[in-house]
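Computation of the quantities below employed the complete heavy-atom set of this structure, encompassing side-chain atoms and omitting hydrogens, waters and symmetry-equivalent molecules. Labels below follow one simple rule: chain letters A, B, ... track the order of the sequence lines, proteins then strands, and each chain is numbered from 1. Predicted model, so just to flag it, every value in this text is computed and none were measured.
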Amino acid sequence: MRRSLRWRLQAWHAMILLLVVAGSGTSFYLVAARARLDEIDAELLSGARVMEGVLRAMIPPGRRPPIPPFGPPPFGPPPFGPPGRQGIRTSALALPNSLLERYPQHQPYLVIRRPNGEILRADPTPPESPPDDEVGPGREWHARRRGMFREVTLMGPGRTQITVGRSIVRELGEMHRLAWRLAIAGLAVFSAGLAGGWWLSSRAVRPIQGMSEALAQINARRLSERIDVEGIDSELAGLAEMLNEMLGRLEISFEQQARFTADASHELRTPLSVILAHIELALSRPRSIDEYREALTTCARAAGRMKAMVDDLLTLARADVGQLELKAEPVDLAAIAEESVEMLQTLADRRGVTILLEGDEAIVKGDSGRLGQVAVNLLTNAILYNRPGGRVAVSTALEDGEAVLIVTDTGVGILESDLPMLYQRFYRADPARSREHGGSGLGLAICRSIVEAHGGRIEVASRSGEGTTVNVRLPTAPIQ
Amino acid sequence: MRVLVIEDEPDLARGLVQAFREAGYAADRADDGPEGLRKASESEYDAVILDLQLPGLSGLDVLRRLRARRKTPVLILTARDGVGDRVAGLDAGADDYLVKPFALSELLARLRALIRRSVGHAETIIRIGEVAIETATRTVTREGAPVAMTAREYALLELLAHYRGKLITRSVIYDRLFGDDDDTLSNVVEVHVSHIRKKLGKDLIVTRRGQGYMIDA
């Protein structure tokens, strides 16, 4: 089954929406969590700084670390304080009230360690074992999470480490709830987005569906119908208009095709009916040998006409699909013109038409047989459509890098209105004259196909009553 | 019976004329539209076979102009087989339409039907007393027994039988029985009439002195 555009749109939309919603929710959560932690850290740090102040007040400025290792208080010698003075009252090192008051339920704790990690003071007992890391060099303090607790360790005087921590269970719970809320809100936004996207995509797809339904109604028999452009958005209206134009071209080409087929069958039917009628007539009763011979001669003549026409049609059909097989040999147009004139001299004499041949060598690369066909066709037309006692001039030349074959007659000429139709298959400017001449109406179409297959062009200029000039121009460069 | 073939394809026209003549018709030929129109208008034909694609004047134009003057039955014989062409042809006044290529026997049968209808007959057998003329097979029987007749005799008998009850003048007989190419001197009507009388009975054909002949209704 083909994937529908709508489903694909929807899938992409859903994916992008999911990324956006999940991404923004996650970032929001992370930023909020970070902010909350920063807040906690700032509070803990301020607590630690209070303790630092207390400690600093206890240790005179002269005595700076290293503090000699003492036993744990209260048994050891006073760790702080100037010599001669009583040891530090570690009991004075208690959690600042500010912290206690603000977070009574947060189990705040204070730990002060000597540089060697020995605990100088713990109030109350910290939740877990002593930290295994120290404040890194160059940093005054650091914060870290330990299970359900958050603590800040500050480098105090005499390289003591002041750690203030508290439980963050409540905050963690808050963050947890926030995460859930965000997830639910995100889901809601995602669903709403999906629904909106579905609605949008169906709106976007509807005119396409309408167009495809309209197109489905149009077939070879009903090519005259068009898509209704009314009420279609501009982009799609452009598409619809282009489709309509294409339908128009299709219609024309179908009509031409139909006319061509009708013409071809018509042209073939006439000789065919000659053959059938004469056979039926000959067989209708016993005949003399001469009568049979005459019937057969008539049939052969008609069959010959059919064969010529079928050959012409085949040539055209091949040219149409670009399968006209052409040799690429050096051909002298002058020689071709001469041969054609020789071939048609008898016809010209019978019609009382004089042929004048002149011209220079004009060598092209091409198929001498096909080019000869062109010359004979043009020359035949020039003779047949001439007036008695008329002239036909055939000349060849090289002009602007092109080899030119010009056939001029002094015939009846072609009406200007007929000129564009000349190359139409089976078109005859004067049907009356063509039948007696036995032309199929395919000659010029074939000439054009052959000339164009050689990369050249053919031009007809005519004035009614004064004659016609046909120019065949072929590139002298080899055809590729 | 006399027919006109208007057809520009010479081989076909020749074949048709020969076929019609062998079928007992007098047949004439016209090679283009104007000639066809002139002949069909000037002479009294029993039927016209008309091609559509004609030089000079199209078949349809010939038909329309002919219809303004005569009611001659016209059969269009053309390679155009489209429904539109058939309709246009019949609507322009044609009585029948046959597409090329065609069977000669069918063309002849249609021609017989056309002529039969044009004088108001539906039956293919014309009975005059004890004589029966079978137009489809061109045979004549008298009291059930076949009577051998020449083509000319038959054609004359059929003509008089078709228009029985009407006086047929000698000029009409010449017109209908002999084509343009026929040598009328060798076709003296009186001779044919006397032959028919010998074969089918003296009273079958009535002579109106100085006017013509008729078969009583």
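Residue A:L276 touches chain B through its side chain alone, counting heavy-atom pairs closer than 4.5 Å. For a residue to count as touching a neighbouring chain, one of its non-hydrogen atoms must lie under 4.5 Å from one of that chain's; by this rule B:A103 touches chain A with backbone and side chain alike. For B:D11, the parts sitting under 4.5 Å from any heavy atom of chain A are the backbone and the side chain alike. Neither the backbone nor the side chain of B:D31 comes within less than 4.5 Å of any heavy atom in chain A. With a threshold of 4.5 angstrom between heavy atoms, A:S284 approaches chain B through side-chain atoms but not through N, CA, C or O.
Chain A forms the most heavy-atom pairs under 4.5 Å with one residue out of B:A13, B:S105, B:G33, B:G82, and that residue is B:S105. Options B:L12, B:L104, B:D32 differ in how many heavy-atom pairs under 4.5 Å they form with chain A, and the most are formed by B:L104.
Here the CD-OG1 distance, from B:E7 to A:T270, works out to 7.0 Å after rounding to the nearest 0.5 Å.
In the displayed structure, B:R117 atom CZ is contacted under 6.0 Å by at most 12 heavy atoms of other residues, nucleotides or ligands. Atom CZ of A:R287 has more than 12 heavy atoms from other residues, nucleotides or ligands within 6.0 Å. Counting heavy-atom neighbours within 6.0 Å of B:R197 CZ, excluding the residue itself, gives a total above 12. Annotation: A:R318, atom CZ; neighbour count of heavy atoms from other residues, nucleotides and ligands within 6.0 Å does not exceed 12.
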Practice problem: Determine, stepwise, if the pair A:E294 / B:R14 fulfils side-chain contact (heavy atoms from CB on, under 4.5 Å). | Solution: CA-CA 11 Å; A:E294 201 196 326; B:R14 201 165 41 78; 2.6 Å; yes

Quiz item: Under the side-chain contact (heavy atoms from CB on, under 4.5 Å) criterion, do B:E9 and A:R305 qualify, and how do the steps go?
Solution: CA-CA 12 Å; B:E9 162 59 47; A:R305 264 177 57 194; 2.5 Å; yes

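A:R269 and B:T78 share no donor-acceptor pair across their side chains, judged by distance under 3.5 Å alone.
Of all the heavy atoms in B:P101 and A:L272, the pair that sits closest is CG-CD2, 3.6 Å.
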